[in-house]
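Working notes for the structure below.
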Amino acid sequence: MTIIDTAATLHEAHRDNHTHRDVNGGWLRPAVFGAMDGLVSNLALMTGVAGGSVGQQAIILTGLAGLAAGAFSMAAGEYTSVASQRDLVEAELDVERRELRKHPEDEEQELAALYVSRGVEPELARKVARQLSHDPEQALEIHAREELGIDPGDLPSPTVAAVSSFGSFALGALLPVLPYLLGATTLWPAVLVALAGLFGCGAVVARVTARSWWFSGLRQLALGGAAAGVTYALGSLFGAAL
């Protein structure tokens, strides 16, 4: 009885721990990229303008304009990119669907040969391929996974990608502007808030991807700080020249 209970416990532990994150939803990459891009680009834009010794109102206007323009640009770009990729995938699925309809026996032999190449005995591979090919939609799904490496029922959504990108970019781009909106009169509060946001974003990404949170946070902080420093120097240089 103890052995059975132990085996059952091990099975339950394996089932509970052997879970995977959603890697095909189409939201993580645009959300992460949008937040990082919003923080870095708007911080760099604002520090570049501030380096030219302009007034507080001009810096705020620059930050808000950068937020709006960047968010809409990111959303449009993500929607177009994901929609184009989805159209390409669906076109390839149509090709595979036609092949299954016109040459079902050839496609069945192709699937059996694939299983044989992976170590399945030829007779068993033929039986499996024949059984799986009885349902046209199931056959299409299997061929798409094996030949194209995609799941027809889990394609990324252009709308999800666009909304994720828009929201995350706007949120990231808002951080450098927020201190000014709350009454700050110098650039440093905006820089500190933005750098803290970059470190936080890097740490959050590390939690999702199971990487070191401090390394990911410091890497994003260093990249954002470098971008802000370069644009501030350029702003000061060109501001003095003008």
Side-chain angles (χ1 to χ4, degrees), residues 19-46 62-97 137-138 140-178 193-213 215-224 226-228 231:
T19 57
H20 298 283
R21 300 176 180 91
D22 178 16
V23 296
N24 294 320
W27 63 271
L28 180 60
R29 186 188 67 84
V32 171
F33 181 67
M36 297 295 185
D37 193 26
L39 271 166
V40 174
S41 63
N42 221 28
L43 174 63
L45 182 63
M46 292 173 62
T62 298
L64 293 176
L67 184 157
F72 280 105
S73 176
M74 286 286 294
E78 281 295 334
Y79 185 91
T80 303
S81 173
V82 175
S84 299
Q85 180 185 5
R86 189 183 180 104
D87 289 343
L88 176 61
V89 169
E90 289 179 346
E92 291 300 313
L93 288 175
D94 286 339
V95 171
E96 190 64 33
R97 190 178 286 108
E137 288 303 315
Q138 178 177 260
L140 175 63
E141 181 177 337
I142 294 171
H143 280 274
R145 286 178 174 175
E146 297 293 348
E147 297 178 24
L148 303 175
I150 59 174
D151 184 353
D154 194 22
L155 299 180
S157 167
T159 302
V160 170
V163 171
S164 299
S165 183
F166 181 94
S168 59
F169 185 99
L171 182 61
L174 179 63
L175 287 183
V177 189
L178 196 57
V193 169
L195 292 181
L198 282 169
F199 183 86
C201 282
V204 169
V205 171
R207 292 286 297 174
V208 174
T209 58
R211 298 292 180 89
S212 173
W213 65 270
F215 175 80
S216 181
L218 288 175
R219 179 177 59 185
Q220 297 304 326
L221 188 151
L223 292 173
T231 54

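Below, all heavy atoms of this structure are taken into account, side chains as well, without hydrogens, waters or symmetry copies. All values reported here derive from a predicted model rather than from experimental measurement.
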- line: Output for pair (Arg86 CZ, Ile150 CD1), nearest 0.5 Å, gives 10.5 Å
task: Taking Ser168 for its side chain and Ser164 for its backbone only, find out whether a donor-acceptor pair lies under 3.5 Å.
output: yes
task: Would you check if Leu155 and Val89 make a side-chain contact, meaning some heavy-atom pair closer than 4.5 Å?
output: yes
query: In chain order, what residues pass the side-chain hydrogen bond (donor to acceptor under 3.5 Å, both in side chains) check against Asp94, with sequence neighbours excluded?
result: Arg97
Set of side-chain hydrogen bond (donor to acceptor under 3.5 Å, both in side chains) partners for Arg219, sequence neighbours left out: none
query: If you look at every heavy atom in Val82 and Ala161, which pair is closest and at what distance?
result: CG2-CB, 3.7 Å
message: If I compare all heavy atoms of Cys201 with all of Leu39, which pair ends up nearest, and what's the gap?
response: SG-CD1, 3.8 Å
- prompt: What closest approach, in Å, do Leu93 and Leu148 show between heavy atoms, and which atom pair accounts for it?
  reply: CD2-CD1, 4.3 Å
Residue pair Leu223 / Val40, side-chain heavy-atom distance below 4.5 Å: no
query: Does some side-chain heavy atom of Leu45 sit less than 4.5 Å from a side-chain heavy atom of Thr231?
result: no
field: Pairwise ring-ring contact (aromatic ring centres under 6.0 Å, His included) hits with a residue in residues 70-93, at least two apart
entry: Phe72-Phe166
- line: Taking every heavy atom of Leu67 against every heavy atom of Ala170, the minimum-distance pair comes out as CD1-O, 3.6 Å
- request: Check for a donor-acceptor pair, side chain of Ser216 on one end and backbone N or O of Ser212 on the other, with a separation under 3.5 Å.
  value: no
query: Any side-chain heavy atom of Phe169 sitting closer than 4.5 Å to one from Ser41?
result: yes
message: Within the structure provided, determine whether Pro176 and Met46 are in side-chain contact (heavy-atom separation under 4.5 Å).
response: yes
query: Shortest non-hydrogen contact from Gly34 to Met74?
result: CA-CE, 3.7 Å
